[in-house]
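Encoded as structure tokens, the structure appears first; notes follow it.
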Amino acid sequence: MRTKLVAGNWKLNGSREANQRLVSGILASADAIASAEILLCPPFVYLSEIGARIADSTVMLGAQHVAIQEGGAFTGEVSAAMLKDVGCSHVIIGHSERRSLFGDTDEIVSARFRAADHQGLKQILCVGESLEERESGATMKVIERQVGTVLDTVGVQAFADAIIAYEPVWAIGTGLTATPGQAQEVHAHIRSIIAASDAKIAAGLRILYGGSVKGSNAPELFAMDDIDGGLIGGASLDADEFMSICRAAAGTI
Ligand code: 13P
């Protein structure tokens with residue numbers, strides 16, 4: 001049985017004041033949720049402060065992005081070692097917004113995945129097809145390419161602690177959610193791609209769904225065999241909504 005994980009990806013949102021309220025709201029009920037893991041991924045500049053706030057709780061800290069380089073003359077970048085240093089256990093890799101807006105190719109995503117691996121950060125590798133790709137029947141091929149490039153670069157062993165998030169691009173921030181059946185089909189396929197290299201790692205691999213997850217649709221998504229939690233954007237900025245998703249993951253609603 002895989003423990004479900006709910007990760008809040010705040011994207012480019014937040015302020016010290018807003019974070020204070022949001023984290024207080026989350027902490028007020030997080031410890032009551034024993035059977036699911038909760039992860040917060042704020043922008044880099046807030047990691048230390050939020051890390052200190054959640055230090056005595058079960059809530060974990062993650063970053064949204066990581067440099068390929070370990071250090072040196074790379075203005076504006078943040079390394080995996082720095083993320084570890086401020087208390088991150090996880091890092092999101094290859095989010096569709098990084099891929100479509102900031103030029104992260106499958107090769108660059110693989111290099112980021114490897115940089116995180118060297119520091120023992122757990123990667124949340126994001127994959128997902130665009131609407132055009134889905135409508136042309138290319139969904140599984142896109143997923144195979146996105147997962148396959150990382151797998152070929154780092155090897156299956158690097159997936160022993162990693163997480164994959166399936167985020168159909170057409171469902172991100174649009175209010176359109178993949179049906180539980182659509183998501184399950186892709187999740188099962190992702191697991192089979194990993195299983196072709198190592199059945200045991202595939203069986204333990206957590207595969208999150210992301211794309212307009214809310215408290216209202218989380219229970220039916222999380223009921224599917226291969227959906228092991230969620231990567232939450234908009235709804236992670238509202239403590240009540242986020243915690244209702246966490247309760248769904250814990251099976252308490
Ligand atoms: P929304 O939950 O806002 O659709 O965002 C999903 C996402 O991209 C999380 O990484």
Side-chain angles (χ1 to χ4, degrees), residues 4-14 18-19 22 26 36-44 46-47 50 59-66 83 88-102 104 109 112-113 116 121-131 133-134 139 142-143 146-147 150 162-180 182-183 186-187 190 206-222 224 227-249:
K4 286 198 170 51
L5 169 68
V6 179
N9 173 11
W10 296 5
K11 308 191 180 184
L12 185 52
N13 292 292
N19 299 346
L22 180 54
I26 291 169
E37 293 178 0
I38 302 173
L39 173 71
L40 304 182
C41 302
F44 287 140
Y46 300 125
L47 285 169
I50 290 169
V59 178
M60 301 179 292
L61 188 68
Q64 299 175 14
H65 180 55
V66 66
L83 297 180
C88 289
S89 50
H90 294 70
V91 59
I92 298 170
I93 307 269
H95 191 278
S96 69
E97 288 146 19
R98 302 295 326 172
R99 293 177 188 262
S100 66
L101 303 172
F102 300 103
D104 273 20
V109 167
R112 296 197 195 289
F113 190 102
L121 284 169
K122 294 183 172 73
Q123 307 90 338
I124 301 179
L125 171 65
C126 298
V127 299
E129 82 287 3
S130 65
L131 184 59
E133 288 163 339
R134 174 158 285 267
T139 297
V142 169
I143 301 294
Q146 291 174 332
V147 175
V150 180
I163 294 152
I164 296 180
Y166 170 55
E167 299 205 305
V169 177
W170 49 272
I172 296 176
T174 58
L176 290 174
T177 315
T179 65
Q182 281 174 323
V186 178
H187 283 227
I190 292 171
R206 288 187 288 181
I207 307 174
L208 313 182
Y209 169 77
S212 300
V213 178
K214 301 184 276 290
S216 56
N217 59 24
E220 51 176 10
L221 285 162
F222 294 166
M224 306 308 286
I227 301 186
D228 306 308
L231 182 54
I232 319 300
S236 73
L237 301 173
D238 178 322
D240 291 342
E241 192 69 29
F242 185 64
M243 292 316 292
S244 86
I245 297 169
C246 294
R247 278 190 289 278

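First listed ligand is number 1; within each ligand, the first listed atom is number 1. Below, each value reflects all heavy atoms present in this structure, side chains not excepted, and no hydrogens, waters or symmetry copies.
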With no hydrogens and no angle check, is any side-chain donor or acceptor of Ser212 less than 3.5 Å from a backbone partner on Thr177? no
Under 4.0 Å from one or more heavy atoms of Gly173, ligand 1 contributes atoms 1 (P), 3 (O), 4 (O)
Polar side-chain atom of Glu241 near backbone of Lys214 as donor-acceptor pair, under 3.5 Å: no
Could you find the nearest protein heavy atom to atom 5 (O) of ligand 1 and give me its residue, atom name and distance? Lys11 NZ, 3.3 Å
Counting only heavy atoms, tell me which of Gly234, Ser96, Cys126, Cys41 gets closest to atom 1 (P) of ligand 1. Gly234
Over 12 non-hydrogen atoms of neighbours within 6.0 angstrom of CG in Leu12: no
Considering only protein heavy atoms, which is closest to atom 9 (C) of ligand 1, and at what distance to one decimal place? Glu167 OE2, 2.9 Å
CG of Leu40 to CG of Asn9: how many Å apart, nearest 0.5 Å? 11.0 Å
When only distance counts, is Leu231 in polar contact with ligand 1, meaning an N/O pair under 3.5 Å? no
Of all protein heavy atoms, the one nearest atom 2 (O) of ligand 1 is Gly233 N, 2.9 Å
Look only at interatomic distance and state if His95 has a nitrogen or oxygen under 3.5 Å from any nitrogen or oxygen of ligand 1. yes
Ser212 N/O under 3.5 Å from ligand 1 N/O: yes
Contact region, Ile172 to ligand 1, non-hydrogen atoms below 4.0 Å, reads both
Between ligand 1 and Gly211, can you find any atom pair, the residue atom being a heavy atom, that is separated by under 4.0 Å? yes
Which of the ligand 1 atoms, numbered from 1, are nearer than 4.0 Å to a heavy atom of Asn9: 9 (C), 10 (O)
Any idea which heavy atoms bring Ile227 and Lys4 closest together, and the distance? O-CE, 3.3 Å
With a heavy-atom distance limit of 4.0 Å, tell me whether Ala171 approaches ligand 1 through its side chain, its backbone, both, or neither. backbone
With distance as the sole test, does Arg206 use its side chain to make a donor-acceptor pair with the main-chain N or O of Ile163 at under 3.5 Å? no
Is a donor on one side and an acceptor on the other found under 3.5 Å between the side chain of Tyr166 and the backbone of Ile190? no
So, does Arg99 use its side chain to make a donor-acceptor pair with the main chain of Val109 at under 3.5 Å? no
